[in-house]
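All ligand and atom numbering here is 1-based and tracks the order in the structure. Keep in mind the model is a prediction, meaning the values are calculated, not measured.
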Amino acid sequence: MYDIEKIRGCFPILGEKIYNKPLVYLDNGATTQKPQCVIDSITDIYTHYNSNVHRGVHHLSNICTDKAEEARRKVAQYINAQSDTEIIFTRGTTESINLLAFSFGESFCCQGDEIIISEMEHHANIVPWQMLCERKGMRLRVAPINDKGELIVDEMFNLINHRTKLIALTHISNVMGSVNPIEQVIRKAHSEAIPVMIDAAQSIPHQKIDVQALDCDFLVFSGHKMYAPNGVGALYGKGDWLNRMIPYHGGGEMIDKVTFERTTYNVLPFKFEAGTPDYVAVIGLGTAIDFINSIGIENIENHEHTLVDYCIEQLSKIDGIRFIGEADKHAGAVSFLVGNVHPYDTGMILDKMGIAVRTGHHCAQPLMDRFGISGTVRASFGMYNTKSEIDKLAEGVERVKMMFG
Ligand code: PLP
């Protein structure tokens, strides 16, 4: 049984009052709240064993290093990577994609080559590729979506040619919640010997990810969207690719031997982890994974599916609601507009009722252009949300309608 009250009890912030009303937190796509065990793990480090990792021979450094490497093993197991050396810790999805765009781009791409993305990408999965294209004289190809907010897979496949170097695709749209058929895309890409990067920022907190079953070449995500502290995320890459890529940042930790004439690089994963990592966040990510595992990601997925369906059902009853994104496969988020009311105004009124939603372009301006809008209101869900919170959202939307006629 999914013990929602017990789960909610693990998140102290859910007891907060906003304008003297209970917090209804529906902005999980932006960041999730942290369970007490994750908060405690941070305090525990600074109270008992804080010390820089990988560098010391002393006791504290050894404890910290062991815990950070244990967290790497937990991440590897969580996504079923073949080896924990395939997990590169970064600051989050954005840094992971920038790392890949630089290191993959410098290692394998030439003038005239092409990268394929989709029309529903977050800016983090657009701009780094644009920068690579500008640097190298390459071309960014964009696969379109249909009016329901679904990737038009055949059109993506039509873009593939002998210059295609990589497909970089989001698993779940952060705006619309559309779930992309990544298995199909990976199969097709591999049949043409093209590697695929999956942006799992919006899927990793909601469903089981198995990188070996998917057979994706790279996968990126952020810890803060999966109940872990800010400042940590990961790039998963198949060892074969990572070993052949040049490093991203230079500095301490990523080296084997340095002379003024020449530097040789460390082995994986350290080759891509220059400088002191946010090891406190890394260890917190390990704790967050333990917490998710204790509930069961499949249970969380089922619970959240019920919430998404219920949210669509309840909002559909309100006259004048327009959904942005009505994909058949839908998870995590629901985006909508209330008549002609500006999303910002809707967000402000909901806020006064203690309801936190996100409004605006959600770092997906090209997607907004596709729908001819400036922004949406987005409700996005986490393991601790309830149907009664969705009822409050629907009530709030009714109030917005009333106030704006
Ligand atoms: N990709 C997607 C699909 C996202 O939703 C986000 C953040 O919302 C990102 C990338 C960027 O994540 P971060 O800001 O944690 O690096």
Could you give the side-chain donor-acceptor pairs of residues 205-214 under 3.5 Å, partners two or more places apart or in another chain?
| residue | atom | partner | partner atom | Å |
| --- | --- | --- | --- | --- |
| His206 | ND1 | Glu304 | OE1 | 2.5 |
| Lys208 | NZ | Tyr78 | O | 2.8 |
| Asp210 | OD1 | Asn80 | ND2 | 3.0 |
| Asp210 | OD1 | Gln212 | N | 3.0 |
| Asp210 | OD1 | Ala213 | N | 2.9 |
| Asp210 | OD2 | Asn80 | ND2 | 3.2 |
| Gln212 | NE2 | Asn80 | O | 3.0 |

* **Test item: Tyr227 side-chain N/O and Met383 main-chain N/O as donor-acceptor pair under 3.5 Å** => yes

* To do: Number the atoms of ligand 1 from 1 as they appear, then name those within less than 4.0 Å of a heavy atom of Gln202, with their elements.
  => 3 (C), 4 (C), 5 (O), 8 (O)

* Structure fact -> Note: ligand 1 atoms sitting under 4.0 Å from heavy atoms of Asn174 are 5 (O)

* **Close approach, Lys225 and ligand 1, non-hydrogen under 4.0 angstrom** => yes

* Looking only at distances, please establish whether an N/O atom of ligand 1 is found under 3.5 Å from an N/O atom of Asp199. => yes

* Asked: Centroid-to-centroid, Phe272 to Phe102, below 6.0 Å?
  -> no

* **Residue pairs, two or more places apart or on separate chains, that pass salt bridge (charged side-chain N to carboxylate O under 4.0 Å, His left out) and touch residues 270-296** => Arg72-Glu273, Lys74-Asp290

* **Which segment of His224 sits under 4.0 Å of ligand 1 when only heavy atoms are counted** => side chain

* To do: Examine Thr170 against ligand 1 and note whether any of their N/O atoms are separated by less than 3.5 Å.
  => no

* Asked: Could a heavy atom of His362 be found less than 4.0 Å from some atom of ligand 1?
  -> no

* Main-chain N/O of Ile13 paired with Tyr25 side-chain donor or acceptor, under 3.5 Å -> no

* Regarding Asn28 and Tyr384, is there a side-chain donor-to-acceptor distance under 3.5 Å anywhere? -> yes

* Distance to 0.1 Å, residue and atom name: give those for the protein heavy atom nearest to atom 4 (C) of ligand 1. => His122 CD2, 3.3 Å

* To do: For atom 14 (O) of ligand 1, grab the closest protein heavy atom and report residue, atom and distance to one decimal in Å.
  => Thr94 OG1, 3.6 Å

* **Arg8 and Asp3 ion-paired at < 4.0 Å** => no

* Please could you name the atoms of ligand 1 that Ser222 approaches to less than 4.0 Å, counting only its heavy atoms? => 12 (O), 13 (P), 15 (O), 16 (O)

